[in-house]
Amino acid sequence: MRYTLGMDEPAEIIAAAKEVLRISDRGDYTIPAADLYPHQWLWDSCFIAIGIRHYDVERAQKEITSLLRGQWHNGMLPHIIFVSGREHYRDRELYRAELNPNAPDKVSTSGLTQPPMVAEAIVKIGEKLDRAERRSWYKDVYPALLKHHLWLYNERDPHDEGLTLQIHPWETGLDNTPPWIRSLREHKFPLWIKIASSNFLKPLVNLIRRDTRFVRSNERLTNFETLVLYSEQMRIRRKAYDIDKILDDSLFAIEDLTFNSILIRANHNLKKIAKTIDKKLPEKLLASMHKTEAALETLWDEATSQYYSRNFVTHNLIIEPSIAALMPLYAGCITRERAKEIVKLLRDKKSFGAKFPVPSVPLNSDWFDPYRYWQGPVWINTNWLIIKGLERYGFEEEAEHIKLQTLQMIKKSGFYEYFSPLDGSPAGSKTLSWSAALMIDLLS
Ligand code: 9WN
């Protein structure tokens with residue numbers, strides 16, 4: 001297949017990446033992968049637009065405006081907009097977003113969100129437009145973007161601390177990352193989860209799972225993790241996505257480091273957009289944005305010299321290293337001293353300094369597994385975020401190294417979902433749209 005083998009020159013790789021994106025193109029939006037992810041996802045479409053803008057700006061704009069059609073009346077951007085038709089009835093049923101009066105009327109969506117990458121995608125598209133076009137593009141999307149940021153603070157920062165909280169691992173985009181699975185294990189689970197994830201019932205659960213029909217089970221979440229995430233979603237659905245009710249009896253409410261780092265960048269981009277079109281952001285929002293940057297520092301742990309996510313309920317840091325530790329580089333608001341500490345982790349061969357960087361879990365973690373989803377493999381979107389962060393702080397050499405190794409993995413195997421950090425071998429879906437789109441961006 002042209003898009004998996006024999007790619008050498010950048011032009012060939014770009015052509016192959018475009019082909020992957022063409023296959024998953026559904027008109028105004030792109031699905032992440034036809035096998036595993038047949039709907040439109042929030043941060044996927046943002047990364048996809050960042051790639052597509054290099055050869056079709058208008059289509060990249062559509063990728064974003066099609067996301068905005070899913071916006072809830074309260075401003076939330078949902079993490080999935082479902083395709084219609086009977087085939088995917090079960091996916092829509094899992095959410096039943098219409099239980100909440102804020103759900104949109106014309107499209108079916110999830111009731112959760114995902115990291116706020118939209119502002120970055122809008123600005124990156126803007127870079128490809130002339131001044132007048134850029135202003136008109138920004139004017140078109142500004143009201144929805146502003147509404148989304150207002151929602152993030154109104155609903156997800158109830159104590160006005162500056163950090164937003166996430167109510168489900170799917171909201172962080174790093175589904176089974178060790179800090180979440182550890183936090184979820186502290187939960188009391190319905191007995192059926194214990195029974196259903198026993199070895200005895202494994203064949204039955206495997207039969208129901210859709211993902212393992214396409215990808216080897218050792219590359220996906222365990223049955224226990226899958227069932228726990230599923231049961232958390234059902235609990236949130238029972239509360240009809242009402243945040244007060246959800247927080248009333250929740251142990252899983254996390255101030256996620258990756259999400260909040262991305263929010264900080266997004267805030268900068270929102271300010272840029274507002275300035276370009278002569279809009280004044282509300283004072284309260286500006287104050288919250290300011291607080292977020294200061295609050296990020298409260299996630300630093302002196303004893304281990306790294307940043308972590310925090311449990312919203314107990315206010316304790318979750319001392320469980322993962323790729324999130326590197327994301328404050330992307331936030332761009334930390335001091336150079338802190339940035340140097342992060343780079344130390346990246347260089348450390350026992351930690352994140354793998355032959356093929358950057359593992360989603362440090363190599364010396366008990367959780368590390370080279371092929372298991374967010375518990376070890378290298379993902380192209382997190383590499384992209386880290387590269388951008390390193391460049392911002394002037395660590396050009398480190399950024400270039402990650403870029404080159406990323407290119408090697410893609411050249412050898414194609415646009416897979418993730419790769420082993422030990423030898424670069426591929427895993428997951430064979431054609432993940434953001435792997436293709438972000439490769440275009442890195443090569444352009
Ligand atoms: C649940 C689509 C999405 C990504 C996430 C990734 C995975 C979904 C899943 O796929 O999550 O949202 O079914 O596991 O973890 O980051 O946006 O590519």
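Start at 1 and go down the list; that is how both ligands and their atoms are numbered.
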Ring centers of F419, F356 separated by less than 6.0 Å: no

Do the side chain of R92 and the main chain of V83 share a donor and acceptor less than 3.5 angstrom apart? yes

Can you produce the list of protein nitrogen or oxygen atoms under 3.5 Å from a nitrogen or oxygen of ligand 1, alongside each distance?
{"from": "ligand 1", "atom 1": "11 (O)", "to": "D175", "atom 2": "OD2", "distance (Å)": "2.9"}
{"from": "ligand 1", "atom 1": "12 (O)", "to": "W41", "atom 2": "NE1", "distance (Å)": "3.0"}
{"from": "ligand 1", "atom 1": "12 (O)", "to": "H79", "atom 2": "NE2", "distance (Å)": "3.2"}
{"from": "ligand 1", "atom 1": "14 (O)", "to": "D175", "atom 2": "OD2", "distance (Å)": "2.8"}
{"from": "ligand 1", "atom 1": "14 (O)", "to": "Y373", "atom 2": "OH", "distance (Å)": "2.7"}
{"from": "ligand 1", "atom 1": "15 (O)", "to": "G173", "atom 2": "O", "distance (Å)": "3.3"}
{"from": "ligand 1", "atom 1": "15 (O)", "to": "D175", "atom 2": "OD1", "distance (Å)": "2.9"}
{"from": "ligand 1", "atom 1": "15 (O)", "to": "D175", "atom 2": "OD2", "distance (Å)": "3.2"}
{"from": "ligand 1", "atom 1": "15 (O)", "to": "W374", "atom 2": "NE1", "distance (Å)": "2.9"}
{"from": "ligand 1", "atom 1": "16 (O)", "to": "W43", "atom 2": "NE1", "distance (Å)": "3.1"}
{"from": "ligand 1", "atom 1": "16 (O)", "to": "G173", "atom 2": "O", "distance (Å)": "2.7"}
{"from": "ligand 1", "atom 1": "17 (O)", "to": "W43", "atom 2": "NE1", "distance (Å)": "3.0"}
{"from": "ligand 1", "atom 1": "17 (O)", "to": "D44", "atom 2": "OD1", "distance (Å)": "2.6"}
{"from": "ligand 1", "atom 1": "17 (O)", "to": "Q114", "atom 2": "NE2", "distance (Å)": "2.9"}
{"from": "ligand 1", "atom 1": "18 (O)", "to": "D44", "atom 2": "OD2", "distance (Å)": "2.7"}

Out of the candidates W43, Y373, W384, only one should pair with W379 under the ring-ring contact (aromatic ring centres under 6.0 Å, His included) rule; please name it. Y373

Please confirm whether the backbone N or O of Y95 pairs with a side-chain atom of R237, one donor and one acceptor, at under 3.5 Å? no

Any side-chain heavy atom of F368 sitting closer than 4.5 Å to one from L422? yes

Side chain to side chain contact (heavy atoms under 4.5 Å, CB included) with Y55: which residues, sequence neighbours excluded? K18, L21, I52, I440

